[in-house]
Number of protein chains: 2
Amino acid sequence: MMRISEAAQHSGLSSKMIRHYEDVGLIQPAARTEAGYRQYSPAQLDQLGFIRHARSLGFSIAQIRDLLQLRDNPRRASREVKQLAQKHLQELDQQMLVLKKMQAMLEDLVARCAGDDSPDCVIIDELSDSGETGNE
Amino acid sequence: MMRISEAAQHSGLSSKMIRHYEDVGLIQPAARTEAGYRQYSPAQLDQLGFIRHARSLGFSIAQIRDLLQLRDNPRRASREVKQLAQKHLQELDQQMLVLKKMQAMLEDLVARCAGDDSPDCVIIDELSDSGETGNE
DNA sequence: TTTGAACCTTCCCATAGTGGTAAGGTCAAG
DNA sequence: CTTGACCTTACCACTATGGGAAGGTTCAAA
């Protein structure tokens with residue numbers, strides 16, 4: 001059994017976030033010592049590691065909640081896991097699209113701005129324009 | 001002079017956000033009618049439009065604060081505007097990098113998951129792994 | 001004139017994820 | 001017994017946005 005700071009180091013999460021995940025019900029409340037200190041078993045360390053991996057792939061807390069349930073269900077169908085992952089991939093695609101549009105527009109503006117001592121600047125001009133920015 | 005809902009429609013922002021931008025000091029407090037209703041002048045409508053355009057390019061409130069100052073300064077150097085935009089471009093690049101890494105890892109996992117009735121699933125397996133996810 | 005719809009106001013709460021800090025308890029070593 | 005490093009809970013902050021409640025205003029229709 002490890003204390004929370006050890007569990008944090010081991011899992012790559014912060015103590016703060018481990019408590020938070022417990023607060024929001026992502027993980028079961030940890031066992032406590034007589035003094036009230038949280039104690040983590042090896043199985044819980046695995047779970048915390050799982051959570052960190054999932055977070056690093058951009059899964060939301062809600063999605064991780066589902067992933068943990070699938071993980072703990074020996075009768076799961078990998079289809080469900082794959083679907084969840086594919087849905088997240090679509091979200092990532094969507095975010096990329098948004099960023100790419102911003103990038104394209106901004107790169108265009110930057111390319112057309114002299115960037116010298118003169119106050120004339122297409123960036124300011126086009127942002128001031130009543131026209132659209134290119135987003136539908 | 002327009003009321004806030006008209007200013008919202010005109011600028012493409014919500015009334016809610018216009019009040020918020022006033023709260024955080026992004027725009028000057030609007031004039032008020034005797035009854036306390038906010039009133040917006042054409043110049044303020046321009047400013048709101050500017051803010052919406054800048055937001056649609058992903059500029060943060062803090063960055064827009066700077067952009068507005070440059071916009072209102074007739075003795076600005078376009079160099080400053082360009083630098084601000086370039087810094088934001090770098091941030092966009094950074095975000096894209098993160099998303100791309102997630103995307104690549106997740107695509108790999110998804111490709112290797114059968115997605116059938118069997119419980120065997122590399123996605124679950126690799127998230128459960130103590131190893132790294134590919135992020136440094 | 002009264003009433004009702006459609007506005008407006010402020011204030012609080014929620015989202016998602018993370019960090020910080022403060023006030024206090026615990027434990028082990030010196 | 002003190003000190004330092006840990007733990008606890010309970011707040012507040014951030015970004016940007018939305019929702020809603022409780023109450024005031026405006027204007028038109030009946």
Side-chain angles (χ1 to χ4, degrees), chain A residues 1-27 29-40 44 48 50-68 87-88 91-92 94-95 98-99 102 135, chain B residues 1-27 29-40 44 48 50-68 87-88 91-92 94-95 98-99 102 135:
Chain A
M1 295 294 260
M2 282 184 178
R3 64 178 63 193
I4 196 169
S5 63
E6 294 167 323
Q9 267 207 302
H10 191 87
S11 64
L13 297 168
S14 66
S15 301
K16 210 83 196 196
M17 288 317 296
I18 295 178
R19 294 193 196 98
H20 177 65
Y21 293 149
E22 183 181 313
D23 281 348
V24 299
L26 186 57
I27 57 183
R32 301 290 185 121
T33 66
E34 283 185 18
Y37 287 18
R38 288 177 179 79
Q39 292 279 290
Y40 293 89
Q44 283 175 304
L48 292 174
F50 183 92
I51 291 171
R52 189 183 64 82
H53 291 328
R55 282 295 303 137
S56 79
L57 289 182
F59 284 103
S60 69
I61 267 71
Q63 288 171 322
I64 297 176
R65 197 171 278 128
D66 294 342
L67 283 173
L68 283 172
K87 188 166 175 247
H88 180 43
E91 293 163 0
L92 291 180
Q94 196 50 50
Q95 292 175 39
V98 172
L99 289 185
M102 290 177 175
N135 289 326
Chain B
M1 295 295 261
M2 281 183 177
R3 62 178 65 192
I4 195 169
S5 63
E6 295 168 322
Q9 267 208 302
H10 191 86
S11 64
L13 297 168
S14 65
S15 300
K16 210 86 192 191
M17 289 315 298
I18 295 178
R19 293 193 196 97
H20 176 66
Y21 293 149
E22 184 179 312
D23 280 348
V24 300
L26 186 58
I27 56 181
R32 301 291 184 119
T33 66
E34 282 185 17
Y37 286 20
R38 287 178 180 80
Q39 292 279 290
Y40 294 89
Q44 283 175 304
L48 292 174
F50 183 93
I51 291 172
R52 189 183 66 81
H53 291 329
R55 282 294 303 137
S56 79
L57 289 181
F59 285 102
S60 69
I61 268 70
Q63 288 171 322
I64 297 177
R65 198 171 277 128
D66 293 342
L67 283 173
L68 282 172
K87 188 164 175 246
H88 181 42
E91 293 163 1
L92 290 179
Q94 196 50 49
Q95 293 175 40
V98 172
L99 286 186
M102 291 177 174
N135 288 326

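Order of the sequence lines sets the chain letters (A, B, ...), proteins ahead of strands, with each chain counted from 1.
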Rounded distance (Å) that lies between atom P of C:dT18 and atom CD1 of A:Ile18: 12 Å

Backbone of A:Ala7 reached by a side-chain donor or acceptor of A:Arg3 within 3.5 Å: no

Between D:dC11 (C1') and A:Asp23 (CG): distance, integer Å: 13 Å

Per-nucleotide protein contact string for nucleotides 16-25 of chain D (B base, S sugar-phosphate only, - none; heavy atom under 4.0 Å): SBSBB---BB

Polar side-chain atom of B:His88 near backbone of B:Leu57 as donor-acceptor pair, under 3.5 Å: yes

From B:Leu26 atom CG to B:Leu48 atom CG, the distance as rounded to the nearest 0.5 Å: 9.0 Å

Side-chain (B:Gln63) to main-chain (B:Ser60) donor-acceptor, under 3.5 angstrom: yes

Length of the line joining B:Met1:CE and C:dC8:P, which is rounded to integer Å: 14 Å

Spacing of B:Gln39 atom CD relative to C:dT9 atom C1', expressed in whole Å: 14 Å

Spacing between A:Glu34 atom CD and C:dT26 atom P, to the nearest angstrom: 11 Å

Nucleotide D:dT15, atom C1' - distance to CG of B:Leu26 in whole Å: 13 Å

Check ion pair A:Lys16-A:Glu22 (N to O, under 4.0 angstrom): no

Euclidean distance, atom CD1 of residue A:Ile51 to atom C1' of C:dG17 [Å, nearest integer]: 13 Å

C:dT10 phosphate, OP1 or OP2, under 4.0 Å from B:Arg32 side-chain N/O: yes

Side-chain N or O of B:Arg3 closer than 4.0 Å to phosphate OP1/OP2 of C:dT9: no

Distance, rounded to the nearest Å, where A:Arg19 contributes CZ and D:dC11 contributes C1': 14 Å

Phosphate contact (D:dA5 OP1 or OP2) by A:Ser5 side-chain N/O below 4.0 Å: no

Any donor-acceptor N/O pair, B:Arg52 side chain to B:Ser11 backbone, under 3.5 Å: yes

Other residues, nucleotides, ligands: >12 heavy atoms within 6.0 Å of B:Glu6 CD: yes

